[in-house]
Colleague: 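Here it is: the structure, laid out below.
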Amino acid sequence: MKALLASLLESSLNSLQKLCVTQCYAIKCGYIADVYVSNRILDSYSKFGFLSHAHKLFDEMCQRDSVSWNTMISGYTSCGKLEDAWCFFKGMRRSGSNVDGYSFSRLLKGIAFGKMFDFGQLVHGLVIKGGYECNVYVGSSLVDMYAKCERVEDAYEAFQDISEPNSVSWNALIAGFVQVRDIEMAFWLLSSMEMNDAMIMDGGSFAPLLTLLDDPVLCNLTKQVHAKVLKLGLEDEITICNAMINSYADCGLVLDAKRVFDGLGGLKDLITWNSMLTAFSKHELKESAFELFIEMQRSWIETDVYTYTGILSACSGEEYQIFGESLHGLVIKKGLEQVTSVSNALVSMYIQFPTGAMKGPLSLFESLKSKDLVSWNSILTGLSQNSFSEDAVKFFSYLRSSNIEVDDYAFSAVLRSCSDLATLQLGQQIHALAIKSSFESNEFVTSSLILMYSKCGVIKNARKCFEQISSKHSSTIAWNTMILGYAQHGSGQVSLDLFSQMCNQNVKLDHVTFTAILTACSHTGLVEEGLEFLNSMEPVYKIQPRMEHYAAAVDLLGRAGLVMKAKELIESMPLNPDPMVLKTFLGACRACGEIEMATQVANHLLEIEPEDHFTYVLLSHMYSDLKKWEKKARVKKMMKERGVKKVPGWSWIEIKNKVYTFNAEDRSNPLCQEIYLMIEDLNQEMQWLDSDNWFDQASLLGLNHF
DNA sequence: CTAGGGTTAG
């Protein structure tokens with residue numbers, strides 16, 4: 001009989017047909033009355049998710065034992081239908097079949113998956129009533145359930161109730177503390193487990209723990225765990241290796257990640273490949289990511305949604321646009337375009353291409369049937385990043401009016417648009433909303449708030465937001481934004497003070513910190529200090545200077561009139577100066593009246609960036625200053641021939657919910673006479689200030705640090 | 001027929 005069933009189950013028919021045939025055969029031969037036979041068919045139905053068939057068979061069975069009931073409970077919990085599972089659980093008790101350890105562990109697994117803490121407590125009560133709390137299977141399920149609900153104390157109590165906990169119980173408990181990011185407790189449990197000779201440690205003990213080691217400051221810990229893993233001979237445990245690849249990558253040690261990857265040889269599974277792929281993508285090692293992706297194709301490694309989200313996130317920047325588009329084709333071919341995560345990855349890829357229009361991303365987004373929070377936020381971020389600021393604000397209010405969840409990402413993005421719009425009232429309204437939704441202390445939201453208030457000229461409020469951050473030692477971006485805010489307000493000394501506080505409090509510095517601090521020096525004329533910062537970046541702070549740092553330093557020297565020093569700096573740069581550096585230098589040449597050098601640099605710039613209006617406009621102004629009208633006319637003509645247009649600068653001010661825009665010499669406003677009179681008054685006042693010495697100026701402006 | 005563990009997009 002067993003042989004018959006086995007051969008039927010192995011037939012070449014697809015599984016549902018196979019099971020139906022098996023069932024018919026069993027009925028025909030009268031085997032169906034055998035509980036063992038029925039249970040086996042029942043189990044197959046529920047394993048493949050054919051629950052209506054299972055249910056029907058269950059109803060038709062003339063005899064049911066606890067295995068039959070438990071099978072039904074498993075079937076329903078494993079597809080998330082907890083209510084149905086619960087009905088069977090209750091039915092089981094009513095029918096006189098005793099619920100047992102199997103029933104509880106299955107039910108609890110479903111509860112853990114759904115993180116239904118209250119339900120879990122109720123079942124825990126029943127477990128105690130039935131006397132199962134010391135059963136290692138039930139107990140471990142309880143630990144897991146509380147762990148998944150992030151109730152680690154309850155998990156710990158449940159763990160202590162188990163009479164003889166095994167490694168699964170330990171692992172479930174460790175995973176619980178990992179889930180709430182309690183590194184210390186997780187490590188303490190791991191070492192307690194290690195001291196317990198009866199416990200065999202495996203992937204389940206180490207892999208979850210490694211997911212916590214995701215920051216460069218923890219890289220030594222990662223290495224130590226790696227050493228321990230080798231010592232225990234667990235280097236072939238695939239889950240550990242996969243987690244290790246991710247840890248090393250998140251700690252910034254991609255090469256170590258690659259070493260683990262290579263060390264696996266033929267033991268690699270799909271998660272291994274995906275993890276390595278994502279590691280390369282995260283570190284902008286696009287070529288390596290593509291090589292790996294192609295190797296996967298060549299070696300006939302199956303690909304899945306993770307593979308595509310991984311490789312799609314490697315496609316940033318102009319030169320990868322063509323690859324990104326090809327991958328989009330592949331995604332369509334594989335039928336993955338409607339998978340939310342893949343579509344989200346496509347959207348975020350498209351929004352950062354230099355041709356950054358929102359048309360493509362928006363149509364992708366609109367055709368996506370199941371949108372999640374990331375989908376909405378990606379579009380919002382896209383609008384914000386591509387300077388569609390008004391649309392970003394509109395989109396944000398649409399989200400709110402449609403009752404779509406608005407989270408910290410959304411707040412951060414829309415506040416950035418408020419900064420770009422420099423509309424204080426709107427920014428304040430959104431600030432109020434952020435407070436109401438308790439996102440105001442989030443690092444990213446706070447930074448956007450600081451930026452918004454700085455841009456709107458209310459540096460005091462920016463400072464207030466900054467002061468309210470709970471864990472200042474870990475929020476580099478908030479410090480950077482605050483330093484930059486003061487720098488742009490001309491309070492360079494405050495920026496420098498913040499910088500030393502940052503160092504004293506061991507806040508992590510990054511390349512943006514130095515851009516901010518160099519800007520501060522340049523806006524305050526602190527030449528020596530600025531150069532000192534630039535020169536110490538690499539040797540002292542271990543941060544490689546980037547193009548923007550050199551640009552800032554050139555600006556610093558240019559503003560101080562040290563154009564030759566700026567030239568020397570550019571010549572000594574280890575990188576080839578990019579257009580930004582050259583444009584800054586050009587500005588410095590003009591300001592210092594270095595016509596020859598300006599002309600040279602300008603000619604070079606006109607060659608490499610003929611479409612940018614900056615160089616033409618600057619040359620034109622310079623020739624005006626020098627009254628060289630012919631040369632000015634030549635520049636204007638060149639612009640016209642090449643179709644380059646000057647982008648006029650606009651200013652705007654928000655008064656009582658209305659935004660007034662104007663540009664230079666604008667007389668279109670009906671109140672323009674009054675406005676110009678006021679400007680004259682202000683000018684006079686400024687001249688009066690100018691006649692005093694600068695100490696008095698500083699004190700009038702409230703800059704007491706001078 | 002029971003329990004734990006590794007990869008994704010903003």
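Throughout, protein chains are lettered first and strands after them, A, B, ... in sequence-line order, and every chain is numbered starting at 1.
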Colleague: Looking at every strand, decide which applies to A:I238 at a 4.0 Å heavy-atom threshold: base, sugar-phosphate, or nothing.
Modeller: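 Touches a base.
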Colleague: Could you check which residues of residues 98-106 of chain A get a heavy atom under 4.0 Å from DNA chain B? Sort them by number, please.
Modeller: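 Under 4.0 Å from DNA chain B: A:G101, A:Y102, A:S105, A:R106.
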Colleague: To the side chain of A:V374, which of B:dA9, B:dA3, B:dG5 is closest?
Modeller: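 Nearest nucleotide to the side chain: B:dA9.
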Colleague: Kindly confirm or rule out a cation-pi arrangement of A:K371 over A:F365, judged by NZ or CZ under 6.0 Å from the six-membered ring centre and within 45° of its axis?
Modeller: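 Positive - A:K371 is close enough to the ring of A:F365 and near enough to its axis.
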Colleague: Please state how far atom CZ in A:F280 lies from atom P in B:dT8, giving the value in whole angstrom units.
Modeller: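 Atom-to-atom, A:F280 to B:dT8, this comes out as 15 Å.
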Colleague: Remember a base hit wins even if backbone is also touched, and classify A:S341 as base, sugar-phosphate or nothing at under 4.0 Å, heavy atoms.
Modeller: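 Counting heavy atoms under 4.0 Å across all strands, the contact made by A:S341 includes a base.
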Colleague: Could you state the atom-to-atom distance from OH of A:Y76 to P of B:dC1 in whole Å?
Modeller: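 Roughly 20 Å, once rounded to whole Å.
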Colleague: According to the 5.5 Å centroid and 30° plane-angle thresholds, does A:Y306 stack upon the nucleobase of B:dT7?
Modeller: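 One would call A:Y306 stacked on the B:dT7 base.
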Colleague: With sequence neighbours left out, write down each residue that passes ring pair (Phe, Tyr, Trp, His ring centres under 6.0 Å) with A:H124, or none if nothing qualifies.
Modeller: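 A:Y146.
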Colleague: Looking at B:dG4, B:dA9, B:dT2, which one has an atom nearest to any side-chain atom of A:A345?
Modeller: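 The nucleotide sitting nearest to the side chain is B:dA9.
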Colleague: Take atom CD1 of A:I200 as the centre, draw a 6.0 Å sphere, and report whether it contains more than 12 heavy atoms from other residues, nucleotides or ligands.
Modeller: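 No.
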Colleague: Between A:F395 and A:W376, how do the two ring planes meet: parallel, tilted or perpendicular, split at 30° and 60°?
Modeller: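 The rings of A:F395 and A:W376 sit tilted, inter-plane angle from 30° to 60°.
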Colleague: Can you see if the side chain of A:K148 gets near the phosphate of B:dG5 - specifically, an N or O under 4.0 Å from OP1 or OP2?
Modeller: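 For B:dG5, OP1 or OP2 has a side-chain N or O of A:K148 closer than 4.0 Å.
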Colleague: Would you kindly give the CD1-to-P distance between A:I73 and B:dA3, to the nearest whole Å?
Modeller: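 From A:I73 CD1 to B:dA3 P: 13 Å.
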Colleague: Give A:N39 one of three labels, base, sugar-phosphate or nothing, depending on what nucleic acid heavy atoms sit under 4.0 Å from its own.
Modeller: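 A:N39: no heavy atom of the nucleic acid under 4.0 Å.
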Colleague: Would A:E194 and A:K228 pass as an ion pair if we require N to O under 4.0 Å?
Modeller: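 A salt bridge is present here (some side-chain N lies under 4.0 Å from a carboxylate O).
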Colleague: Does A:N166 make a side-chain donor-acceptor contact with the base of B:dA3, cut-off 3.5 Å?
Modeller: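 Side chain to base: pair present.
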Colleague: Does a side-chain N-to-carboxylate-O contact under 4.0 Å join A:D84 and A:K81?
Modeller: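 A salt bridge is absent here (no side-chain N lies under 4.0 Å from a carboxylate O).
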Colleague: Where along residues 252-264 of chain A does a heavy atom come under 4.0 Å from DNA chain B, residue by residue in number order?
Modeller: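 Those residues: none at all.
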Colleague: Base, sugar-phosphate alone, or nothing: which one does A:T211 contact when heavy atoms must sit under 4.0 Å apart?
Modeller: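 Sugar-phosphate contact only.
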Colleague: Think A:K109 has a side-chain N or O under 4.0 angstrom from the OP1 or OP2 of B:dG4?
Modeller: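 So the side chain of A:K109 is within the cut-off, an N or O lying under 4.0 Å from OP1 or OP2 of B:dG4.
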Colleague: Taking CG from A:D43 and P from B:dC1, how many angstroms apart are they, rounded to a whole number?
Modeller: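 Between P of B:dC1 and CG of A:D43: 6 Å.
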Colleague: Would you mind listing every salt bridge (charged side-chain N to carboxylate O under 4.0 Å, His left out) that reaches into residues 230-255 of chain A, with sequence neighbours excluded?
Modeller: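 Only A:D250-A:K282 qualify under salt bridge (charged side-chain N to carboxylate O under 4.0 Å, His left out).
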Colleague: In whole angstrom, give the distance that lies between atom OH of A:Y156 and atom P of B:dG4.
Modeller: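 Interatomic distance, OH of A:Y156 to P of B:dG4: 21 Å.
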Colleague: Indicate yes or no: at least one non-hydrogen side-chain atom of A:V168 is less than 4.5 angstrom from one of A:Y137.
Modeller: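 Not in contact.
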Colleague: Under 4.0 angstrom, heavy atoms only, what part of the nucleic acid is A:D202 near: base, sugar-phosphate, or nothing?
Modeller: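 Counting heavy atoms under 4.0 Å across all strands, the contact made by A:D202 includes a base.
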Colleague: Return the value, rounded to whole Å, for the distance between atom CG of A:L142 and atom P of B:dG4.
Modeller: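 It works out to 12 Å between those atoms.
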Colleague: Applying ring pair (Phe, Tyr, Trp, His ring centres under 6.0 Å), name anything that partners A:Y102, two or more places apart in sequence or on another chain.
Modeller: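 None.
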Colleague: Base, sugar-phosphate, or nothing for A:S313, non-hydrogen atoms under 4.0 angstrom?
Modeller: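 It contacts nothing in the nucleic acid.
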Colleague: A:H328 NE2 to B:dA9 C1': how many Å, rounded?
Modeller: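 Rounded to the whole Å, the gap is 14 Å.
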Colleague: Give A:S378 one of three labels, base, sugar-phosphate or nothing, depending on what nucleic acid heavy atoms sit under 4.0 Å from its own.
Modeller: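 It contacts sugar-phosphate atoms only.
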Colleague: Scan A:G310 against the nucleic acid and name what it touches under 4.0 Å (heavy atoms): base, sugar-phosphate only, or nothing.
Modeller: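 No contact at all - A:G310 keeps every heavy atom at 4.0 Å or more from the nucleic acid.
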Colleague: With heavy atoms under 4.0 Å as the rule, sort A:K282 into base, sugar-phosphate or nothing.
Modeller: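 Contact class for A:K282: sugar-phosphate only.
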Colleague: With a 3.5 Å distance limit and no angle check, can you tell me whether A:S205 reaches the backbone of A:M201 through a side-chain donor-acceptor pair?
Modeller: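 The answer is no, because no donor-acceptor pair under 3.5 Å joins these two groups.
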Colleague: Counting only side-chain heavy atoms from C-beta out, which of B:dC1, B:dA3, B:dG5 sits nearest to A:P208?
Modeller: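 Among B:dC1, B:dA3, B:dG5, the one nearest the side chain of A:P208 is B:dG5.
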Colleague: Let me know the distance between CG of A:L234 and C1' of B:dG5, rounded to the nearest Å.
Modeller: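 So the two atoms are 12 Å apart, to the nearest Å.
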Colleague: Please, which pairs that meet salt bridge (charged side-chain N to carboxylate O under 4.0 Å, His left out) have at least one residue in residues 260-273 of chain A, sequence neighbours excluded?
Modeller: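 Matches after skipping sequence neighbours: A:K258-A:D262.
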